[in-house]
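Below: the structure, in structure tokens.
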Protein chains: 2
Amino acid sequence: MSDAPAGGPDRQPIWSRPERGSRGPAPAHSRDAIVVAAITLADTEGLAAVSMRAVAAALGTGAGSLYRYLSSRDDLLDLMTDRAVGELRPYPQVEGDWLETMVLLGRRQLALFGAHPWLLELIHRPSGIGPQSLAWFDNCIRILEPVRCPVAAKFEAIAMMTGVVSLFARRESPAGAFSFAGVDLAAYPHLVAAFSQPSGPAPRADLVERTLRSLLTGLLLGESTEAG
Amino acid sequence: MSDAPAGGPDRQPIWSRPERGSRGPAPAHSRDAIVVAAITLADTEGLAAVSMRAVAAALGTGAGSLYRYLSSRDDLLDLMTDRAVGELRPYPQVEGDWLETMVLLGRRQLALFGAHPWLLELIHRPSGIGPQSLAWFDNCIRILEPVRCPVAAKFEAIAMMTGVVSLFARRESPAGAFSFAGVDLAAYPHLVAAFSQPSGPAPRADLVERTLRSLLTGLLLGESTEAG
DNA sequence: CACAAATCGCGAACGGCGTTTGCGGTTTAC
DNA sequence: GTAAACCGCAAACGCCGTTCGCGATTTGTG
């Protein structure tokens with residue numbers, strides 16, 4: 001009972017837990033090195049390949065040793081998320097139109113999802129709000145300062161923007177069209193009719209930005225219209 | 001090798017695989033009974049509690065027996081998803097405004113996510129597009145028939161509507177506000193300033209519908225505006 | 001009717017996972 | 001100097017999805 005791992009009695013979240021105590025030999029690794037190894041693994045082989053054993057092996061050690069630095073795999077995923085969100089920095093210091101600045105931030109998020117597709121599986125977790133995510137929120141609130149609307153609406157809008165960007169990012173991942181192998185198409189007449197008609201022009205390339213603009217103006221400025 | 005489970009050489013997806021052959025004793029269970037048990041388990045104890053062993057135990061059998069009816073846990077999750085989507089039926093036969101009909105469908109989806117929160121973790125999977133999901137797509141395409149725009153744009157809009165609804169559904173789940181335990185708030189000045197100011201009026205209740213209306217009109221009708 | 005083929009339920013087993021535990025050795029605080 | 005705290009490590013625990021082999025049962029075919 002006198003020998004508890006770093007997580008030990010982990011009453012408090014990982015963000016406010018010291019990396020190491022003052023006594024004992026110098027650690028062979030570091031929290032950040034573990035997170036970097038995990039992110040590299042996730043980038044190359046997918047999130048499912050990020051097992052404690054695999055991450056430890058990438059660092060040349062055993063799975064159990066990681067628990068000297070974090071208290072659970074969930075902690076590791078939280079750290080991965082926050083570190084990736086940190087890649088959104090530095091934030092553009094545009095002081096002009098807040099809407100265009102937000103759209104720019106949205107494009108940055110989209111690029112981040114492209115660089116780290118595993119983020120799509122992690123951002124929706126209830127935990128995992130670390131310092132970098134807070135800094136990103138803080139920056140968005142700063143940009144939205146000239147907007148006159150309740151704070152709650154701003155938070156809604158920021159969260160919804162992130163969500164919509166993640167939806168677009170998912171669309172661009174290699175998921176691809178479903179296969180109709182062994183499906184009785186006769187049951188879906190409107191679907192086959194739609195597919196059999198000429199496909200028409202390709203969707204516009206700036207769909208994300210247009211959607212974000214419409215979404216943000218609707219959520220932040222449209223509060224007083226259409227009484228009911 | 002002459003004794004292969006129902007999944008056997010599962011070249012084709014679960015939707016087009018017969019439930020059982022013609023020979024042999026009558027099965028003690030059924031695919032649907034397994035799926036119902038799994039959904040009940042997910043509704044009450046969450047998706048993480050849906051293990052093959054737990055589902056089998058709920059049916060009074062062993063985990064291995066389930067593989068007579070399906071070939072993997074992923075198959076089970078696909079079946080769960082499709083069966084839940086089937087609860088969206090019967091579809092409203094409104095023949096008036098297509099936009100209002102779509103918004104109504106969106107509200108139905110939101111209610112479905114409320115009834116089965118585990119759906120939020122499953123809809124984004126690349127697999128799992130079963131007959132009920134196809135029927136839902138088919139119905140949406142039917143509703144959007146009067147809209148003059150490329151088919152691809154309609155599919156975009158339907159998928160985006162489902163995605164946005166899922167974002168709102170996630171917001172209403174008991175996730176709740178993040179805790180600032182042990183965080184240095186001084187690093188986020190705009191955040192604390194926003195939180196310290198009076199909260200203002202609560203966000204409008206019909207936020208989902210307004211967002212959906214704006215999104216659908218933007219995606220389906222706004223193609224010709226704003227050249228460049 | 002006889003018989004082979006196919007399917008059934010079942011329990012044991014395999015490999016992988018996250019996590020815990022106990023140990024010998026190392027560093028620091030008092 | 002000594003005791004407490006920390007280190008790396010390897011073994012082990014329990015759960016997971018999945019596979020396999022068994023005896024028993026039903027069906028299609030000659």
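Residue numbers begin at 1 in each chain, while the letters A, B, ... track the order of the sequences. These values consider heavy atoms only, across backbone and side chains, with no hydrogens, waters or symmetry-generated copies. Because the structure is predicted, anything quoted here is derived from the model rather than measured.
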Treating primed atoms plus P, OP1 and OP2 as sugar-phosphate and everything else as base, which nucleotides of nucleotides 9-17 of chain D get B, S or - for protein heavy atoms under 4.0 Å? B--B---BB

Return the value, rounded to whole Å, for the distance between atom [atom1] of [X] and atom [atom2] of [N].
X	N	atom1	atom2	answer
A:Leu76	C:dC17	CG	C1'	14 Å
B:Arg23	D:dT29	CZ	P	7 Å
A:Ile34	D:dG8	CD1	C1'	12 Å
A:Tyr69	D:dC7	OH	P	7 Å
B:Leu66	C:dG11	CG	C1'	14 Å

Of the listed nucleotides (D:dG8, C:dT7, C:dA29), which one gets closest to any side-chain atom of A:Ser22? C:dA29

Residue pair B:Phe113 / B:Phe168, side-chain heavy-atom distance below 4.5 Å: no

Given side chains that start at C-beta, do those of B:Val164 and B:Met161 come closer than 4.5 Å, heavy atoms only? no

Please state whether the rings of B:His124 and A:His124 are parallel, tilted or perpendicular, taking 30° and 60° as the class boundaries. parallel

Not counting sequence neighbours, list each pair that qualifies as a salt bridge (Lys or Arg N to Asp or Glu O under 4.0 Å) and has a residue in residues 116-131 of chain A. A:Asp74-A:Arg125, A:Asp78-A:Arg125

B:Phe195 and A:Phe155 aromatic centres sub-6.0 Å: yes

Donor-acceptor under 3.5 Å (A:Asp82 side chain, A:Ser133 main chain): yes

